[in-house]
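A, B, ... follow the sequence lines: proteins, then strands. Residue 1 opens every chain.
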Amino acid sequence: MGSKIAVVDLDGARTRIGSHHLDVDELPAFVREREAQSRPRWVFSDTPNWYPALLAAGVRIERCSDLRLTHAILMRSELVADRSAVAEADQWDADPVSAPAAPEAEALFEVTERRSHIKQVPHDIESALAEFARQSTALESASDPGRLRLLLAAESAGGLVAAEMQAAGVPWDVDEHDRILAEELGPRPMGDAKPAKMLAVADQVRAALDDPRANLDSHIKLLHSLHSAGINVASTSKWELAESDHPAIAPLLEYKKQSRLLAANGWHWLDEWVSEGRYRPVYVPGGVVTGRWAASGGGALQVPRQLRPALRADPGWRLISADVAQLEPRALAAMSGDRAMAEAGRGRDLYSGLVDEGIVATRQEAKIAVLGAMYGSTTGDSGRLVPRLRTSFPAAMGLVDSAAEVGAAGGLVSTWLGRTSPVPSQGWRRLQSASNQFDATPADENRARRAAGDQGRFTRNFVVQGTAAEWALAWLADLRLRLARLPGVDEGNPGATSAGEVTGHMATASGPVFSRRAHLVFFLHDEVIVHAPAQHAEAAAAAIRDAAASAGKLLFGDAPVDFPLDLTISERAAKG
DNA sequence: TATCCTCGCGCG
DNA sequence: AAAGCGCGCGAGGATA
């Protein structure tokens, strides 16, 4: 509290034209005023270090550059001719640090403890100015700075969205969640006891195995019990179990399902991650090398469909859920300029398009073929179907095949906007050179070949997954601005009723910035959920659609590829 | 007792 | 008929 920070104004040529010294507590008012005057592009060392406090004070910003996020892209991008200066400034190559999910007093010690061995970027003004200058120079040396600028802006906007979604939280119906748990597991037990329905199912399994002491919670012990009962499986995974037909299998699969629900999203999860009716997972923008977001806490990447009914809009509000159908193949069609593939997906389900065009017989086959093409399958049904795509979609297949070839040889690949894959590890390179030595054994050669294949499948998928992630970021970035421009709950709609009551309820859970206006609450690779006042739900839905159309134009111009959405407006997220 | 690894399963 | 990409998480078991 009360520590001094410096803020510097730069003009378009990055020349210093002013500076200010503020107490940290004065920052929100300062930012609010500047934002109202000129909506500058703020430069943050690291968004989670600055933005949560602004949001808590009721201040949103329109745009920023996040130096940590942009550094990570620029230091690797093949588009940048001279990236040595950026790459050498390795204090900026730091771990993502997320804002704590909720300021809980008892967790403070733990949080500081954990953060102390995490490498953080510097937050002082001179370091930031120096890095900003290095990045600007690098960007100017790029072969296609326009694309990279787009990527950097989208990436930074993603940082803002993550902070905003964490501040807003997903409206979560704890009672509904508890009902689902009770239905599946039985009522909440005391302490760490197992719920009643689980105990009952476990007894059925033990009876069927004729093994009253069988331990179902340890893979190893369970495997022994299964073998003793004459069930010959190599693992306890459910797909393998499902192939046996023994009376113990059905209750065992049921038990595993219950056990998973309890461990991953049971009452303990509810206590830890949902408070005041808001689920606040921790997002990590740019956390995956492909550009996808990762998560670190709360399991935002794996909320089971079973629990989707627990997402519930506040009274007088709606949830608008939207996902892009077949985002990755569409991104591939667009970036490769494959007109036939674009045509297969235009105005319809892309998989059904493949059936209509006579390329495969069923939608299921189409899905297996397309996923196989993007993931690099060579065996089974998928390996059999992929070659048909090579005939029909030569441009798309050429792009992924050549990405795989480059990767297998140790090379780098880049996404549409210029995010470049990481160099293969030293261990990988050692394997390859060992297999080229005169005394290489067949085992060496095998290992090297397998590793080369793995790397090839990684780079094959990198260009597609990464470009899809860019589309999604562009979608998000545009959407957050469109939503911010929608009127508040009691503005511009004289017909609105009980608005005061609704906002009164909201103010606690969502904080001052989000309590009155449509806002993003969830994002997962190719889907968004927006929480909006009922009277603006249609406008919010239109914003989601318009943002998707803009994203396609922004990235791919007039390429004949569309990105259709499945969109639902409801009080509850759809049942899975 | 703390930390790492493997397994299995949830999500896209 | 569980292949073929990217993740996070919890539990049990092994290791320090």
Side-chain angles (χ1 to χ4, degrees), chain A residues 98 113-114 117 192 194 215-224 233-244 252-253 255-266 268-269 272-273 281-308 323-329 331-332 364 367-386 400 403-404 407 413 415 421-422 450 453-469 471-472 522-528 576:
Chain A
S98 19
E113 181 73 14
R114 200 174 334 140
H117 2 255
D192 287 334
K194 289 222 172 76
N215 181 342
L216 310 186
D217 298 317
S218 157
H219 305 137
I220 296 174
K221 291 175 182 164
L222 175 59
L223 200 55
H224 281 118
V233 284
S235 76
T236 65
S237 61
K238 65 178 182 185
W239 66 263
E240 192 169 1
L241 290 173
E243 308 212 316
S244 296
L252 178 54
L253 291 175
Y255 182 84
K256 286 168 76 78
K257 199 177 165 206
Q258 291 173 316
S259 172
R260 164 77 195 184
L261 177 62
L262 177 66
N265 298 96
H268 180 254
W269 179 92
E272 188 173 1
W273 293 104
V282 179
Y283 295 99
V284 186
V288 181
V289 286
T290 59
R292 274 189 174 183
W293 288 14
S296 89
L301 270 55
Q302 48 196 135
V303 177
R305 305 209 71 89
Q306 195 180 14
L307 287 181
R308 291 296 173 98
D323 67 272
V324 194
Q326 304 101 32
L327 173 58
E328 291 192 352
L332 173 57
Q364 183 58 22
K367 193 169 171 178
I368 289 174
V370 169
L371 292 178
M374 295 186 306
Y375 295 164
S377 318
T378 53
T379 62
D381 285 349
S382 185
R384 183 170 56 78
L385 292 165
V386 169
V400 287
V413 297
T415 59
S421 62
R450 251 194 32 211
D454 290 348
Q455 184 68 13
R457 283 191 303 280
F458 167 66
T459 50
R460 169 192 291 272
N461 188 244
F462 182 94
V463 293
V464 180
Q465 187 182 114
T467 299
W471 183 93
F522 191 73
F523 167 61
L524 183 57
H525 310 319
D526 63 357
E527 65 176 300
V528 295

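Where Gly298(A) and Gly380(A) each meet DNA chain C at their nearest nucleotide, the meeting point lying more 5' is that of Gly380(A).
Side-chain atoms of Arg457(A) and base atoms of dC5(C) include no donor and acceptor less than 3.5 Å apart. In this model, a side-chain donor or acceptor of Gln302(A) finds a partner on the base of dG8(C) within 3.5 Å.
In this structure, the nucleotide among dA11(C), dG8(B), dG12(B) sitting nearest to the side chain of Arg305(A) is dG12(B). Across dA1(C), dG12(B), dC9(B), the shortest atom-to-atom separation from the side chain of Tyr375(A) is found for dG12(B). Among the nucleotides dG12(B), dG8(C), dG6(C), the one closest to any side-chain atom of Ala294(A) is dG8(C). Proximity note for Phe458(A) (side chain, C-beta onward) versus dG12(B), dC9(B), dG6(C): the nearest is dG6(C). Among the nucleotides dG12(B), dA1(C), dG13(C), the one closest to the side chain of Arg308(A) is dG12(B). With distances taken from any side-chain atom of Asn461(A) to the nucleotides dG13(C), dC5(C), dC9(B), the minimum falls on dC5(C). Relative to the side chain of Arg292(A), the nucleotides dG10(B), dG8(C), dG12(B) differ in distance, and dG12(B) lies closest. Picking from dG8(B), dG6(C), dG10(B) the nucleotide with the shortest atom distance to the side chain of Gln465(A) gives dG6(C). Which of dC5(C), dG8(C), dC7(B) sits closest to the side chain of His219(A) comes down to dC7(B).
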- Test Glu328(A) against Arg292(A) for salt bridge (charged side-chain N to carboxylate O under 4.0 Å, His left out), laying out the working first. CA-CA 12 Å; Glu328(A) 291 192 352; Arg292(A) 274 189 174 183; 3.2 Å; yes

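Atoms CG (Asp454(A)) and P (dC5(C)) sit 7 Å apart, rounded to a whole Å. Trp269(A) places its CH2 atom 15 Å from the C1' atom of dG10(C), with the value rounded to the nearest Å. Atom CG in Leu262(A) sits about 15 Å away from atom C1' in dG10(B), given to the nearest Å. The distance from atom NE2 of His525(A) to atom P of dG10(B) is 16 Å, rounded to the nearest whole Å.
Using a 4.0 Å heavy-atom cutoff across all strands shown, Thr236(A) reaches sugar-phosphate atoms only and no base atom. Residue contacts for Phe462(A): at a heavy-atom cut-off of 4.0 Å it reaches no nucleic acid atom on any strand shown. Using a 4.0 Å heavy-atom distance criterion, Asp217(A) is classed as a sugar-phosphate-only contact.
Between Leu262(A) atom CG and His268(A) atom NE2 the span is 10.5 Å, to the nearest 0.5 Å.
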